[in-house]
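Here is the structure we will look at.
Computed over heavy atoms, backbone and side chain alike; hydrogens, waters and symmetry mates excluded.
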Amino acid sequence: MFHALGSALAGIATPALAIVLFTAAVRLLTHPLSRAAVRGEKARAALAPEIRELTDRYGKDEAKLREKTLELYRENGTPLFAGCLPALAQAPFLILVYRLVTTPNPLLDGTLLGAPLGARWFGTWTHTPVFLGLFALLAVVAFATSRWQAAVAARSGGPQPPFAGLLRLLPFGTVLVAAVLPLAAGIYLAVGITWSLLERAFLYRAIQLPPRAGSSARTRRT
């Protein structure tokens, strides 16, 4: 399957460009799921101030806090895991691209600036200039992603999850991953995380929640 898909893509464009185009095509295909995920995240963020009030009031009574939290989500028509399920639904598509760029196929026979797309940097230490350029790109996008996530969390006004600082370091893990996987996988990671950052920044501005989300419960109680 992956050999046939890789062969078909290699016939469309140069292997490196084919990886970029295929990754972008898959991300376009899953864009509706991204919209649903962001809509759910914004709905939960809209309830963050009230969640914080409930935590302050019932923090010592976990059962009561859980009951009131579920009640708040029901009143606002917001699923407790809003945003999580659409994000998980994207996983099979992203796994497909990952398998394509890590399974031997004609795409990995191509090169980028003289470096084979099937080459790994860790353990071989070859084609270092190309890999260093890739690592630099991944680090820049990871830094921008981390800063954007921090800004979104600050605007939400909700309680910060445990190990919030550690979670913001996770985007930098792509640099380590790219060091041990084939160069083709590094290209996929670079395109994927750049797309995710730009897409989510756009969707957070473009998606407007209905007035009911995050405000109806407070309105009914006042």
Q | side-chain hydrogen bond (donor to acceptor under 3.5 Å, both in side chains) between Thr128 and Trp121, worked out | A | CA-CA 7 Å; Thr128 297; Trp121 182 74; 3.1 Å; yes
Least distance between heavy atoms, [X] atom then [Y] atom:
X      : Y      : answer
Asn105 : Gly6   : OD1-CA, 3.5 Å
Leu117 : Leu107 : CD1-O, 3.3 Å
Gly114 : Thr111 : C-CB, 4.2 Å
Arg200 : Val38  : NH1-CG2, 4.0 Å
Leu189 : Ala178 : CD1-N, 4.1 Å
Ala185 : Thr102 : CB-CG2, 4.1 Å

Which donor-acceptor pairs under 3.5 Å do side chains of residues 135-147 form with protein atoms, sequence neighbours excluded?
unit_1: Thr145; atom_1: OG1; unit_2: Val141; atom_2: O; d: 2.8
unit_1: Ser146; atom_1: OG; unit_2: Arg168; atom_2: O; d: 2.9

Q: Among Ile, Leu, Val, Met, Phe, Trp and Tyr joined by side-chain contacts under 4.5 Å, find the other residues sharing a cluster with Leu28 and list them by chain and number.
A: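 Answer for Leu28: Trp195.
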Q.
Quick check for you: to the nearest 0.5 Å, what is the distance between Glu199 atom CD and Leu197 atom CG?
A.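 Nearest 0.5 Å value for the CD-CG distance: 10.5 Å.
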Q: Can you measure from CG (Leu9) to CG (Leu17) and round to the nearest 0.5 angstrom?
A: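 Between atom CG of Leu9 and atom CG of Leu17 there are 10.5 Å.
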Q. Is any side-chain heavy atom of His127 closer than 4.5 Å to a side-chain heavy atom of Pro116?
A.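 Answer yes - side chains close enough.
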(Q) For a 4.5 angstrom cut-off between non-hydrogen side-chain atoms, does Phe2 reach Leu96? (A)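 The answer is yes; the side chains approach within 4.5 Å.
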Q. Between the side chains of Arg27 and Ser34, does any donor sit under 3.5 Å from an acceptor?
A.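 Judged by distance alone, the side chains do not pair up.
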Hydrophobic cluster membership, with links at side-chain heavy-atom distances under 4.5 Å among I/L/V/M/F/W/Y: are [X] and [Y] in one?
X      : Y      : answer
Leu132 : Leu183 : yes
Phe122 : Ile187 : yes
Val180 : Val175 : yes
Val191 : Phe93  : yes
Ile193 : Val177 : yes

Q: Please answer whether the main-chain N or O of Leu181 pairs with a side-chain N or O of Arg120 as donor and acceptor at a distance below 3.5 Å.
A: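 Looks like no, no N/O pair under 3.5 Å.
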(Q) Is it the case that the side chain of Thr194 and the backbone of Ala190 share a donor-acceptor pair, with hydrogens and angles ignored and the cut-off at 3.5 Å? (A)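 A pair under 3.5 Å: yes.
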**Q.** Parallel, tilted or perpendicular: ring planes of Tyr204 versus Trp148, cut at 30 and 60 degrees
**A.**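 Geometry flag for Trp148 against Tyr204: perpendicular rings.
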